[in-house]
Amino acid sequence: MGLKVCKFGGTSMADGSTIQRGAAIVKSDAERRYVVVSAPGKRFSGDIKVTDLLYQCADALEAGEQAAFKTTFDKIRVRFLNIETELGKDIGMQAGLDRVEAEMLAGAGRDYCASRGEYFAGLIMAAVLDIPFVDATEFIRFDKDGVLDSVTFELGAQVLSQYKSAVIPGFYGLGADGKVKTFSRGGGDISGSIVARAVSATLYENWTDVSGFYACDPRIVTSPRWISELTYQELRELSYMGANVLHSESIFPVRSAGIPIRICNTFRPEDAGTYIVKRSTRDVGETVVTGVAGKKGFTSITLEKSMMNLEVGFVGKVLSVIGKYGISFEHLPSGIDTMSLVIDNEFLKDGILEVLMAEMQEAVHPDRIYAHEDIALVATVGHGMAKNVGTSARLFKALSDAHINVNMIDQGSSELNIIVGVESADCAACIQAIYNEFFN
Ligand code: ASP
């Protein structure tokens, strides 16, 4: 008999009726034994996710604005009390909310505040399913650098083996300082993957509000092709580049154990969804490209210097400049006399770009240094590309026919992806042109 871990995202936990839907899905299959939940998400466009409200609470406390804290906390209170009423069950929300509010006011910290949406959602789902609630802090551990501690899996196996079934809140665990610590946003997907690995699941089902992955963003191309199966690597590339279905780090826990992930739609449970597997069962000749995704908000810094190829330590000196400011880079395409660094704009606020460029000038004396400040990266991803001759020729011809100027090219060494940098304004047109070339 199989063992499934189900993770329900924010839209599946948004109100009493969506929670009932999720619970019915769990109950319909005896293999679905462990359930991981997100905090209640948006119920309608314009609504605010509980996690966002919780971050607002933390902001207000940090700014010493007690009245603003109270107003926002009351909105959260109303949401959870409404869910309790809709479910017609006494889950002890009022007392729990009072206790958590007091903890927040006593200085429990930002991550603690942010984690409470999942905490309450977990208590609710456990009550509805009538199975135990197991807090994530009992086994999800972070080391002193804030990285997931590998002890988590062993501890998870020990803790969870005591329960035939359980509900675990997503998004957080325990930091090395003994305090609650959260993952990055959307990290409930990572928690689900951790639980799947800890209990040696046969399948990790991620229940969300779409029926899987599409070959590109449906907001850019109407009704793009649905993807029935992706490899872990393809998923990582596409989700990192903005395909927003699953957190890009959520494959790591399950990958080494080879546990497949299935993306399923809570609102259309009969749909097949997308399977994410170790090796593709698809014939690679059949599809050259699996998907196209793009992300805005990058800057490329280009350095040109004659005979750069002969200068020992050139790249090292440039990288030590960004390293000094704790900045990482996304791509590093280089030629004989040129190199570019592509950096997330998040790192370059408040005049840092100018500082970096001045220090690079000083460190390596390039002939020319310049930046493109508003670029988007578009990744064309697929295992089929390595086996099919002429893929890049087709891609660049499609972009030139669409009059899109490419200012950076980077091909991953595994031939799994080709990444181009274009002006942000051209991002959608670039995705569209590539999609049309390979899918229409
Ligand atoms: N609730 C958290 C967020 O909104 C985590 C999650 O939903 O996975 O980012």
Side-chain angles (χ1 to χ4, degrees), residues 5-15 18-19 21-22 34-59 72-73 75-76 79-80 83 97 100 104 108-126 133 135-137 140 142 146 148 152 167-175 180-197 204-210 213 235-236 239-240 242-254 261-267 276 346:
V5 168
C6 303
K7 187 261 166 179
F8 289 95
T11 39
S12 309
M13 296 300 296
D15 60 28
T18 61
I19 293 171
R21 259 178 188 279
Y34 297 94
V35 178
V36 177
V37 292
S38 277
K42 291 186 184 186
R43 294 157 293 183
F44 42 85
S45 83
D47 195 14
I48 307 177
K49 290 177 169 190
V50 164
T51 309
D52 289 322
L53 292 171
L54 288 162
Y55 276 117
Q56 286 176 22
C57 284
D59 290 341
T72 311
F73 193 86
K75 289 186 192 159
I76 298 167
R79 261 198 93 176
F80 281 115
I83 291 177
L97 286 154
V100 162
M104 288 181 180
R110 190 171 181 80
D111 280 17
Y112 175 86
C113 290
S115 71
R116 293 304 90 181
E118 271 67 14
Y119 171 76
F120 285 120
L123 290 175
I124 292 168
M125 189 55 116
F133 168 88
D135 197 51
T137 51
I140 296 186
F142 296 90
L148 183 71
T152 293
V167 175
I168 302 107
F171 191 41
Y172 70 94
L174 198 67
V180 165
K181 177 165 171 49
T182 57
F183 289 103
S184 56
R185 295 301 305 265
D189 292 339
I190 309 174
S191 311
S193 182
I194 290 171
V195 171
R197 162 95 169 264
Y204 168 27
E205 290 183 335
N206 191 288
W207 291 87
T208 176
D209 55 1
V210 288
F213 273 86
L235 167 92
R236 167 101 175 117
S239 53
Y240 184 71
N244 241 337
V245 182
L246 199 68
H247 193 294
S248 68
E249 288 166 32
S250 52
I251 56 159
F252 294 122
V254 287
I261 307 173
R262 181 182 162 215
I263 309 291
C264 327
N265 189 343
T266 303
F267 305 92
I276 298 139
E346 281 300 309

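Note that ligands are numbered from 1 as they come in the structure, with each ligand's atoms numbered from 1 the same way.
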Enumerate the salt bridge (charged side-chain N to carboxylate O under 4.0 Å, His left out) contacts for residues 112-125, please, sequence neighbours excluded, ordered by first and then second residue. none
I'd like a table of donor-acceptor pairs (distance under 3.5 Å, sequence neighbours excluded) in which one partner is a side-chain atom from residues 38-45, with atom names and distances.
from: S38; atom 1: OG; to: K7; atom 2: NZ; distance (Å): 3.1
from: R43; atom 1: NE; to: D47; atom 2: OD2; distance (Å): 2.7
from: R43; atom 1: NH2; to: D47; atom 2: OD1; distance (Å): 3.0
from: R43; atom 1: NH2; to: D47; atom 2: OD2; distance (Å): 3.3

Going through the checks in order, is the salt bridge (charged side-chain N to carboxylate O under 4.0 Å, His left out) test met by D52 and R185? CA-CA 10 Å; D52 289 322; R185 295 301 305 265; 2.9 Å; yes
Can you tell me if G186 has a non-hydrogen atom under 4.0 Å from ligand 1? yes
Close N or O approach (E118, ligand 1; < 3.5 Å): yes
Measure centre to centre between the rings of Y119 and F133, then say whether the value is under 6.0 Å. yes
N or O pair under 3.5 Å between G188 and ligand 1: yes
Judged by non-hydrogen atoms, does G117 sit under 4.0 Å from ligand 1? no
Answer with yes or no after comparing the ring centroid distance for F183 and F142 against a 6.0 Å cut-off, counting only values under it. yes
Considering only heavy atoms of R185, which atoms of ligand 1 have at least one such atom less than 4.0 Å away? 3 (C), 4 (O), 9 (O)
One finds that the ligand 1 atoms under 4.0 Å from a non-hydrogen atom of S38 are 6 (C), 7 (O), 8 (O)
